[in-house]
Amino acid sequence: MGVHKLLPAVGPRRGRRLGRILRVALSFRLWLSLLALLCLLSFALFGLKFITLVGRGGGMESGISSSHQLPITGNVKKNNKEVEQQQLQHSGFRGVVIKAPGSKKRIQHFPCEIGFTETVDYLIEPKDSGNFTQFSLQYVAMEEKPLGVNSFESRFGGHQKLEEREKSFYAHDQTLHCGFVKGPPGFPSTGFDFDEKDMAYMSTCRVAVSSCIFGSSDFLRRPTSKRISDFSKKNVCFVMFVDEQTLSKLASDGHVLDNRGFVGLWRVVVVRNLPYKDMRRTGKVPKFLSHRIFPSSRYSIWLDSKMRLNADPLLIIEYFLWRTRSEYAISNHYARHCVWEEVLQNKRLNKYNETAIDEQFNFYKSDGLSKFDPSDPNTPLPSYVPEGSFIVRAHTPMSNLFSCLWFNEVDRFTSRDQLSFAYTYLKLRRLNPNKPFYLNMFKDCERRALAKLFRHRTLPSLPPVP
């Protein structure tokens with residue numbers, strides 16, 4: 001009997017049925033695999049598109065190259081369009097990281113490298129540094145009580161008339177109001193009084209670095225000593241102006257004055273009889289009037305008390321003044337460039353009484369102040385709004401005149417000096433077309449490289465709302 005006869009007669013048909021079942025099962029698995037593959041491809045394409053959209057939206061921070069070198073900042077006569085555009089750029093040391101649309105993340109600002117010389121040892125003041133506009137400035141020292149006036153209150157800024165204010169903008173030999181105005185004999189001091197020892201010290205300064213803390217509004221930030229050369233430590237005056245309240249607070253913070261009145265590099269000078277109730281306005285006195293406080297100085301650097309100096313003063317003067325043939329240097333604001341924007345921001349944040357802001361702003365507009373136009377190649381400044389926390393000055397006649405004029409605006413109107421900067425500069429320039437004022441408005445990222453920024457301990461007091 002053959003083996004094939006032992007198999008059931010239905011065996012072949014069962015084999016064909018099983019084959020059909022297997023083919024159907026394999027076909028079903030194939031379709032499932034194809035469907036899964038399509039899903040994976042769709043997800044991959046969607047994810048790639050999503051990542052691309054996020055990248056284009058600016059939500060990812062760009063890298064920062066530590067070796068990027070900025071070009072030297074030129075005189076304001078040169079049209080430096082990079083300054084207007086730096087807040088819109090997203091890479092390198094341009095100072096910002098742009099947040100994604102709808103994101104609540106604050107815009108970040110970074111410092112940029114500055115091409116300082118390696119040492120102060122071989123610095124030489126340029127021979128043409130004395131070729132700036134020359135004229136003689138004298139200052140109103142005392143005001144008499146007007147005839148027929150029963151009540152008279154002497155003021156630190158004096159009682160400047162509008163006619164006197166208008167004449168003061170002309171760069172010629174003159175006597176003008178510039179703070180430290182005394183009243184008639186027998187009247188009390190108008191304020192900002194120093195001890196004789198401090199006055200004698202400040203009269204010897206040829207280069208001065210100064211700051212102030214009034215109303216215990218800040219911590220004491222000592223300059224970074226390792227960044228300051230031995231030559232500058234011996235030849236530059238570092239003066240911190242404080243009131244008696246702040247002096248007591250510094251002592252409680254552990255900053256005890258030595259027998260010469262120093263805390264680190266700072267010579268702490270106590271100011272008595274503050275001239276204004278508004279601490280912010282009082283702080284404008286040392287900020288703008290360094291040529292009055294340091295009568296023998298040739299150069300001065302001002303920094304707000306929220307900053308710690310991280311560079312040598314002489315290297316700063318060489319870079320921002322000598323190298324650019326300038327007599328005054330201040331940085332542009334990191335976000336706003338038009339006074340119109342600054343006015344709205346001050347109102348939005350309740351920085352000052354709105355009525356007072358409107359009075360000042362309307363006065364400026366009526367006297368010719370126009371909006372900032374970054375597309376205008378003849379724009380005299382890269383920005384009409386400064387970040388005024390760091391100022392480098394040569395004490396030339398035009399620099400001193402501009403400082404007096406700017407201070408007088410703060411004394412007459414609001415203490416918000418960013419509102420009066422452009423008006424003061426443009427009016428001075430307009431009335432003296434043949435007597436240039438060499439102002440270097442440098443980039444905000446450079447300002448951030450000069451000093452480390454901190455938050456204020458407390459906000460300075462504002463004047464009472466009328």
Nearest 0.5 angstrom please: [X] [atom1] to [Y] [atom2], how far?
X: Ser168; Y: Glu163; atom1: OG; atom2: CD; answer: 11.5 Å
X: Cys338; Y: Asp373; atom1: SG; atom2: CG; answer: 9.5 Å
X: Ile301; Y: Ile317; atom1: CD1; atom2: CD1; answer: 4.5 Å
X: Ile357; Y: Gln360; atom1: CD1; atom2: CD; answer: 8.0 Å
X: Leu315; Y: Thr117; atom1: CG; atom2: OG1; answer: 4.5 Å
X: Arg336; Y: Asn346; atom1: CZ; atom2: CG; answer: 7.5 Å

Which atom pair, heavy atoms only, marks the closest approach of [X] to [Y]?
X: Phe238; Y: Ser232; answer: CE1-O, 3.9 Å
X: Ser420; Y: Val410; answer: OG-CG2, 4.3 Å
X: Gly388; Y: Asp304; answer: O-OD1, 4.4 Å
X: Thr282; Y: Tyr276; answer: OG1-O, 3.2 Å
X: Met441; Y: Pro386; answer: CE-CA, 3.7 Å
X: Trp302; Y: Gly283; answer: CH2-O, 4.2 Å

With a 4.5 Å cut-off on side-chain heavy atoms, are [Y] and [X] touching?
X: Asp312; Y: Ser229; answer: yes
X: Pro397; Y: Phe132; answer: no
X: Ser305; Y: Ser211; answer: yes
X: Ile114; Y: Phe320; answer: yes
X: Val242; Y: Val269; answer: no
X: Cys237; Y: Val207; answer: no
X: Cys178; Y: Arg292; answer: yes
X: Leu309; Y: Ile316; answer: yes

**Message:** Does Leu349, at its CG atom, have more than 12 non-hydrogen atoms belonging to other residues, nucleotides or ligands within less than 6.0 Å?
**Reply:**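 Correct, the count exceeds 12.
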
**NZ (Lys365) with more than 12 external heavy atoms under 6.0 Å** =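 Yes, the 6.0 Å shell around NZ holds more than 12 heavy atoms from other groups.
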
**Residue from Glu143, His159, Arg165 passing side-chain hydrogen bond (donor to acceptor under 3.5 Å, both in side chains) with His177** =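 Per the side-chain hydrogen bond (donor to acceptor under 3.5 Å, both in side chains) rule, the option paired with His177 is Glu143, out of Glu143, His159, Arg165.
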
**Message:** So if I apply the side-chain hydrogen bond (donor to acceptor under 3.5 Å, both in side chains) rule between Thr396 and each of His291, Glu327, Gln134, which one comes out positive?
**Reply:**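 Only match with Thr396 under side-chain hydrogen bond (donor to acceptor under 3.5 Å, both in side chains): Glu327.
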
**Prompt:** Does Arg281 come within less than 4.0 Å of Asp411, counting only side-chain N to carboxylate O?
**Reply:**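 Not counted as a salt bridge, because no side-chain N and carboxylate O are separated by less than 4.0 Å.
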
**Prompt:** Does a salt bridge link Lys347 with Asp358, judged by any charged N lying under 4.0 Å from a carboxylate O?
**Reply:**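 Salt bridge present between Lys347 and Asp358.
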
**Message:** Between Glu125 and Tyr299, is there a side-chain donor-acceptor contact under 3.5 Å, judged purely by atom types and distance?
**Reply:**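 Yes, a side-chain donor-acceptor pair sits under 3.5 Å.
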
**Asked** Does a side chain donor of either Ser136 or Asp173 reach within less than 3.5 Å of an acceptor in the other side chain?
**Response**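 Asp173 and Ser136 do not have a side-chain donor-acceptor pair below 3.5 Å.
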
Has the side chain of [X] got a donor or acceptor atom that lies under 3.5 Å from a matching backbone atom of [Y]?
X: Ser383; Y: Val385; result: yes
X: Asn235; Y: Phe231; result: yes
X: Arg280; Y: Ser415; result: no
X: Glu387; Y: Ser389; result: yes
X: Asp376; Y: Asn378; result: yes

**Message:** Ring-plane angle category for Phe407 and Phe156, please: parallel below 30°, perpendicular beyond 60°, tilted otherwise.
**Reply:**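 Ring orientation of Phe407 relative to Phe156: perpendicular.
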
**Asked** Relative to each other, are the rings of Phe413 and Tyr364 parallel, tilted or perpendicular (30° and 60° limits)?
**Response**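 Perpendicular.
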
**Message:** Which residue is it: Tyr328, Tyr423, Phe169, Phe288? I am looking for the one with a ring-ring contact (aromatic ring centres under 6.0 Å, His included) to Phe402.
**Reply:**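 Single pass found, and it is Tyr328.
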
**Message:** Working note: Phe187 + Lys182, criterion side-chain contact (heavy atoms from CB on, under 4.5 Å); need CA distance, chi angles, decisive distance, verdict.
**Reply:** CA-CA 8 Å; Phe187 276 69; Lys182 298 179 180 179; over 6 Å; no

With [X], which residues qualify under side-chain hydrogen bond (donor to acceptor under 3.5 Å, both in side chains), at least two apart?
X: Ser290; value: Ser300, Arg393, His395
X: Lys233; value: Ser225
X: Lys306; value: none

**Prompt:** For Met199, what residues pass the side-chain contact (heavy atoms from CB on, under 4.5 Å) criterion, not counting sequence neighbours?
**Reply:**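 If we apply the side-chain contact (heavy atoms from CB on, under 4.5 Å) test to Met199, skipping adjacent residues, the hits are Phe194.
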
**Message:** Under the rule for side-chain contact (heavy atoms from CB on, under 4.5 Å), what residues qualify as partners of Ala171, not counting sequence neighbours?
**Reply:**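 In terms of side-chain contact (heavy atoms from CB on, under 4.5 Å), with neighbours along the sequence ignored, Ala171 is linked to Phe135, Met398, Leu401, Asn432, Lys435.
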
Just checking, [X] and [Y]: is the charged tip under 6.0 Å from the six-membered ring centre and within 45° of the axis?
X: Arg447; Y: Phe442; answer: no
X: Arg416; Y: Tyr352; answer: no
X: Arg448; Y: Tyr334; answer: yes
X: Arg221; Y: Phe454; answer: yes

**Request:** Apply the test side-chain contact (heavy atoms from CB on, under 4.5 Å) to residues Arg155 and Val181: give CA-CA distance (whole Å), side-chain angles for both, the deciding distance (0.1 Å), then the verdict.
**Result:** CA-CA 7 Å; Arg155 299 181 66 253; Val181 180; over 6 Å; no

**Request:** Could you please spell out the steps behind the ring-ring contact (aromatic ring centres under 6.0 Å, His included) verdict for Phe361 and Trp340?
**Result:** CA-CA 9 Å; Phe361 189 45; Trp340 270 251; 4.9 Å; yes

**Request:** Might you work through the side-chain contact (heavy atoms from CB on, under 4.5 Å) test for Lys427 and Glu166, ending with a clear yes or no?
**Result:** CA-CA 10 Å; Lys427 186 176 180 69; Glu166 187 69 20; 3.1 Å; yes

**Message:** Please enumerate all residues that pass disulfide (SG to SG under 2.5 Å) together with Cys212, with sequence neighbours excluded.
**Reply:**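 With neighbours one apart ignored, the set is empty.
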
**Request:** List the steps, then state whether side-chain contact (heavy atoms from CB on, under 4.5 Å) holds for Ser331 with Glu446.
**Result:** CA-CA 8 Å; Ser331 71; Glu446 292 179 306; over 6 Å; no

**Message:** Go through it in stages, so that I can follow the logic: the residues are Thr246 and Asp243, the test is side-chain hydrogen bond (donor to acceptor under 3.5 Å, both in side chains), and I'd like the CA-CA distance, side-chain angles, deciding distance and then a yes or no.
**Reply:** CA-CA 5 Å; Thr246 302; Asp243 58 349; 2.5 Å; yes

